[in-house]
Enquirer: 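Take this structure first; my questions come after.
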Amino acid sequence: MGTYILRRLLLAIPVLWGIATVVFFLVFATPGDPADMLMGQHGDDEVKAAIHAKYHLDKPILVQYGYFMGRLAQFDLGRSYAQKRKVTDILLEHAGATVLLAVASVAIAVVLGMGLGCLAAYRQGSWIDGAVMAVSVLGISTPVFWLGLMAILLFCSILRLLPFPDPEYVTPKYLLLPALTLSALLVGYIARMTRSSLLEVIRQDYVRTARAKGLSRPTVFFKHGLRNALIPVVTIIGLNLASLMGGAIATETVFAWPGIGRAMFQAVLERDVPLIEGGVIMLALVFVIANIIVDVSYAFLDPRIRLK
Amino acid sequence: MGKTALIIAVLAAAVVGGIFVFARSGPPRDETLVYRLKTDAPSLDPAHLRDTTASTVAQCIFDGLVEQDPLTLEVVPQLATHWEESDDKTVYTFHLRKGITFHNGREVTAEDFKYSMERVLDPATAANQRWVLEEIKGADTFKGKPGQHVEGIEVLDPYTLRITLERPFAPFLAMLSMEAASPVPREHVEKWGEDIAAHPMGCGPYRFVKWKKDAVILLERFDDYWGDKAGIKYIKFKVVFEESVALSKYLNGDFDILPEMPPNRKQDLLRDYPDEARLWPILGVYYIGFNHTKPPFKGNVKLRQAFNYAVNKKAICDVLLEGIPQPARGVLPPGFEDTFDETLEGYPYDPDKARALLEEAGYPNGDGLPAITLQFNQSEDHARVCTAIQNNLRDIGVNVRLKNLEWAAHLDSMQKHEPLLFRSGWLADVADEDNFLYVLLHTDIEANYGGYSNPEYDTLIERARHSIDPEERRELYRTANRSIVEDAAWLFVYWYRDVILIKPYVEGWTLPLQGDFRMPLHKLRFSRPPA
């Protein structure tokens, strides 16, 4: 197991290098001079030249790439053009809020999605099944931005059950609404996957055997069936982490949640190149690690799978 | 299942741990003014301030030699008790107040001004606010080398500072009121280096306490402030990007002041909250720029006038923008009382005249015009205004395509003089006519995105900025403004007015001509504690 994880981590290095390279050239190709964004509308050739020199923007692209890779090799993501602070500090400052939001969203999505999926499978063909599938499709297809605004309107303005979003407080009652909103997409996917996976599993011979032994339907369904239906569900969670992060940008904007999504959004608008690059690399690292965790979790869920 | 339970326990611990890390705390609400910011300030280093958000916060932390009255625009003493000017207006001798201290307790002296100004002018700082001080003698040749100083900044004694300019420069005193000319303690800059952007320190009425990025900036009253102490002990600037959420929070009592609000709600708010919603004119102009470097607008004043007459600015202001802005009749907005020209008619909506001018310009019914694209930056309001302009122009036979870009790409394209028509706007960062007529339309200026070039106009505006006779200067600006209108250098759309929401228990506010970001927040007080 340890060797497997180490090998996967080593394999992640070229992946991250590739991502860093693509991001570097993509940002370079984007129209807009970072110096112009820093100067505002008071253009001044001398200041522009000073900014270009300071950040090596006056050098050929390959030289700039060399500086970038050189810094990266020393685990230095550079300094933000706009904020003048170390990118690592900025990202770490925002990471807590985003991790909290992501973990809470995944937790909600797993509980709700699997619960709904089980219910639909257990009552296959009934109105409950239809309703759950309809809710899943709604969750998948509703834009997070709109859903967030509607949730605020309903729970904060009309029902007054929860406080209005406040960037200062990263506490459970402020977390609940953004986490629920962000989890909507994943709830939909997990519910649908759990249902179809369960329906496939309960037709297996060992389930029939368990029933023949005299075990009750709920016991067979949830104890024997559910665990064996989990692998596709875990895969879905791993695959959708990227969508979750995409949704986090919109969710953090609507709910004034001070996470990495907000910071990245602002960095893109301001052409804050080091922060864009650093943010993408950090998110890529999260995906790589998440995927390793998903792969490792297969072995826990199904002992027949051995990691080599 | 033991391992699964372990994983769940670790995740739960992470969530609970995170919650405790960010547990609720802060100053008492009844001593705290809560002010909404739409976006976070990128930097609070006075050398690198570049937007109104940062200025809103920075003006509480930094004081300068002088300040500009937010209503009359008169330059009045701040850290200087008084000053003398040479007859040719090139030498200013400032006498500083004694006993002023930075927030770290050290006294502010003339050396601090010299250090801070040289820091802004040092190419190594790459300060975007360098333009504020670049008329000082020796600024151009100053390279920040060890032992090198700016010739025009002299410390005569600890409380006397002499600034010499290359030549008379009329807006100079007004520019000194900007944060870029404020003193910062050298030891603090040396301690933090570039990180001073997130650890600002000045000698203003509030001191910086903490900053949680993209969330909240907390300031506390500076009790050793040289002037009247701030009326409210704490100010919290909270970042809420989404307009509708911010408005809901204001109505819920979470904000005391809300400077920006959702489109299409302003008139409702003015009607429903007459004691809280305020409408006032600010020094700003919104325009569509013509590209003067390429046909068909290059050298074709008739065509530019035709476009101006074709657009119904009043309908744009009254219908699309809820009657908040005023149709523009020139560059200089009405806030400039001394130079505003009431008699200037501008280009009232007259499609018949527009068609006639179009024919005189050589394009009867728009025939022969090349494909014209009107480029604007992403915003609901800009899209609506540009669509209305497109429709108005279609009525006289001109087909215009719209192109929507995000701001950085739009700015880049304008600087390269690519679009034939482009949306732009300007809010004064220095309340002086020069900040419009020179900064936006002089041939040599980068923000002259249309590439307008008129040697006679340039001469007028250069004379005005270097004139030492205030009356002559005013007359020159009136003439320059009129010449820009006659030459139809822009398609003038509107002059800004703004709406702000202020809770009734907040007293002592003023509505500055430059906009809410110049509201002196230290003069506010609560008539009763916020609920």
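Order of the sequence lines fixes the chain letters, A, B, ..., with proteins taken first and strands second; residue numbering starts at 1 for each chain. Because the structure is predicted, anything quoted here is derived from the model rather than measured.
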Enquirer: So for A/Gln83, is it side chain, backbone, both, or neither that comes closer than 4.5 Å to the heavy atoms of chain B?
Expert: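 Looking at A/Gln83, backbone and side chain both touch chain B.
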Enquirer: Could you tell me which of B/Asp140, B/Leu411, B/Val216, B/Asp195 has the largest number of non-hydrogen atom pairs under 4.5 Å with chain A?
Expert: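 Among B/Asp140, B/Leu411, B/Val216, B/Asp195, the one with the most close pairs to chain A is B/Asp195.
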Enquirer: Measure the NZ-CD distance between A/Lys86 and B/Glu194 for me, rounded to the nearest 0.5 Å.
Expert: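 Rounded to the nearest 0.5 Å, the NZ-CD separation comes out at 11.0 Å.
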Enquirer: Find the one option among B/Gln378, B/Met414, B/Glu406, B/Lys213 whose heavy-atom pairs under 4.5 Å with chain A are most numerous.
Expert: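 The candidate making the most pairs under 4.5 Å is B/Lys213.
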Enquirer: What part of B/His48 gets within 4.5 angstrom of chain A, counting heavy atoms only: side chain, backbone, both, or neither?
Expert: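 Interface part for B/His48: side chain.
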Enquirer: May I ask you to name which of A/Ala82, A/Ala256, A/Ala107 has the most heavy-atom pairs under 4.5 Å with chain B?
Expert: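 With the most close heavy-atom pairs to chain B, the winner is A/Ala82.
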Enquirer: Given side chains that start at C-beta, do those of A/Lys84 and B/Ile196 come closer than 4.5 Å, heavy atoms only?
Expert: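 The answer is no; the side chains never approach within 4.5 Å.
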Enquirer: Which region of A/Tyr81, side chain (C-beta onward) or backbone (N, CA, C, O), has a non-hydrogen atom less than 4.5 Å from a non-hydrogen atom of chain B, or is it both or neither?
Expert: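 Answer is neither: A/Tyr81 stays 4.5 Å or more from chain B.
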Enquirer: Tell me, out of A/Ala263, A/Pro165, A/Gly259, A/Pro163, who's got the most heavy-atom pairs with chain B below 4.5 Å.
Expert: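 Sorted descending by pairs with chain B, the first entry is A/Pro165.
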Enquirer: Less than 4.5 Å to any heavy atom of chain A: does that hold for the side chain of B/Ala127, its backbone, both, or neither?
Expert: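 Contact with chain A is through the backbone of B/Ala127 alone.
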Enquirer: Is it the side chain or the backbone of A/Ile152 that comes within 4.5 Å of chain B heavy atoms, both, or neither?
Expert: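 The side chain, not the backbone.
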Enquirer: Which atoms of B/Ser424 are under 4.5 Å from chain A, going by heavy atoms: the side chain, the backbone, both sets, or neither?
Expert: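 For B/Ser424, the side chain is the part near chain A, not the backbone.
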Enquirer: So, do A/Met39 and B/Trp131 sit near enough that their side-chain heavy atoms are less than 4.5 Å apart?
Expert: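 When only atoms from C-beta onward are counted, B/Trp131 and A/Met39 do not touch, as no gap falls below 4.5 Å.
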Enquirer: Pick one of side chain, backbone, both or neither for A/Leu149, based on which atoms fall under 4.5 Å of a heavy atom in chain B.
Expert: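 Contact with chain B involves the side chain of A/Leu149 alone.
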Enquirer: Against chain A, label B/Ser248 side chain, backbone, both or neither, depending on which of its atoms sit under 4.5 Å from a heavy atom there.
Expert: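 Both backbone and side chain.
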Enquirer: Measuring heavy-atom distances to chain A, does B/Val439 have an atom under 4.5 Å in its side chain, in its backbone, in both, or in neither?
Expert: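 Contact with chain A involves the side chain of B/Val439 alone.
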Enquirer: Which atoms of B/Ala124 are under 4.5 Å from chain A, going by heavy atoms: the side chain, the backbone, both sets, or neither?
Expert: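 The backbone, not the side chain.
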Enquirer: Looking at every non-hydrogen atom in both residues, tell me the closest pair between A/Met37 and B/Arg50 and how far apart they are.
Expert: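 Taking every non-hydrogen atom into account, O-NH1, 3.1 Å.
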Enquirer: Partners of A/Lys223 by salt bridge (charged side-chain N to carboxylate O under 4.0 Å, His left out), sequence neighbours excluded?
Expert: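 With sequence neighbours excluded, A/Lys223 shows a salt bridge (charged side-chain N to carboxylate O under 4.0 Å, His left out) to no residue whatsoever.
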Enquirer: Pair A/Glu252, B/Phe241 - check side chain to side chain contact (heavy atoms under 4.5 Å, CB included), show working.
Expert: CA-CA 10 Å; A/Glu252 288 176 5; B/Phe241 181 80; over 6 Å; no
Enquirer: So which of B/Leu251, B/Leu440, B/Asp429 has the biggest tally of heavy-atom pairs under 4.5 Å with chain A?
Expert: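 Looking at each of B/Leu251, B/Leu440, B/Asp429 in turn, B/Asp429 comes out on top.
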Enquirer: Decide yes or no for B/Glu134 and A/Glu46: does some side-chain heavy atom of the first lie under 4.5 Å from some side-chain heavy atom of the second?
Expert: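 In short, these two side chains do not touch, never coming nearer than 4.5 Å.
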Enquirer: Would you sort out whether A/Val47 and B/Gln129 count as a side chain to side chain contact (heavy atoms under 4.5 Å, CB included), showing the intermediate values?
Expert: CA-CA 9 Å; A/Val47 175; B/Gln129 294 293 297; over 6 Å; no
Enquirer: Roughly how far, to the nearest 0.5 Å, is the CH2 atom of B/Trp407 from the CG atom of A/Asp36?
Expert: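 If I round to the nearest 0.5 Å, the distance is 10.0 Å.
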Enquirer: Heavy-atom distances under 4.5 Å only: say whether A/Glu270 touches chain B with side chain, backbone, both or neither.
Expert: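 Just its side chain gets close to chain B.
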Enquirer: Under a 4.5 Å heavy-atom cutoff, which of B/Asn252, B/Val239, B/Leu405, B/Leu218 has the most pairs with chain A?
Expert: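 Ranked by contacts with chain A, first place is B/Asn252.
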Enquirer: Taking side chain as everything from C-beta outward and backbone as N, CA, C, O, which of these in B/Asn448 sits under 4.5 Å from a heavy atom of chain A? Side chain, backbone, both or neither.
Expert: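 Contact with chain A is absent: no heavy atom of B/Asn448 under 4.5 Å.
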Enquirer: Which answer fits A/Arg85, side chain, backbone, both or neither, if we ask what part of it has an atom under 4.5 Å from a heavy atom of chain B?
Expert: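 Answer is both: backbone and side chain atoms of A/Arg85 are under 4.5 Å from chain B.
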Enquirer: A side-chain contact here means heavy atoms from C-beta on lying under 4.5 Å apart; do B/Asp214 and A/Glu93 qualify?
Expert: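 The answer is no; the side chains never approach within 4.5 Å.
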Enquirer: Walk me through whether B/Asp40 and A/Gln266 qualify under side chain to side chain contact (heavy atoms under 4.5 Å, CB included).
Expert: CA-CA 9 Å; B/Asp40 202 2; A/Gln266 203 58 34; over 6 Å; no
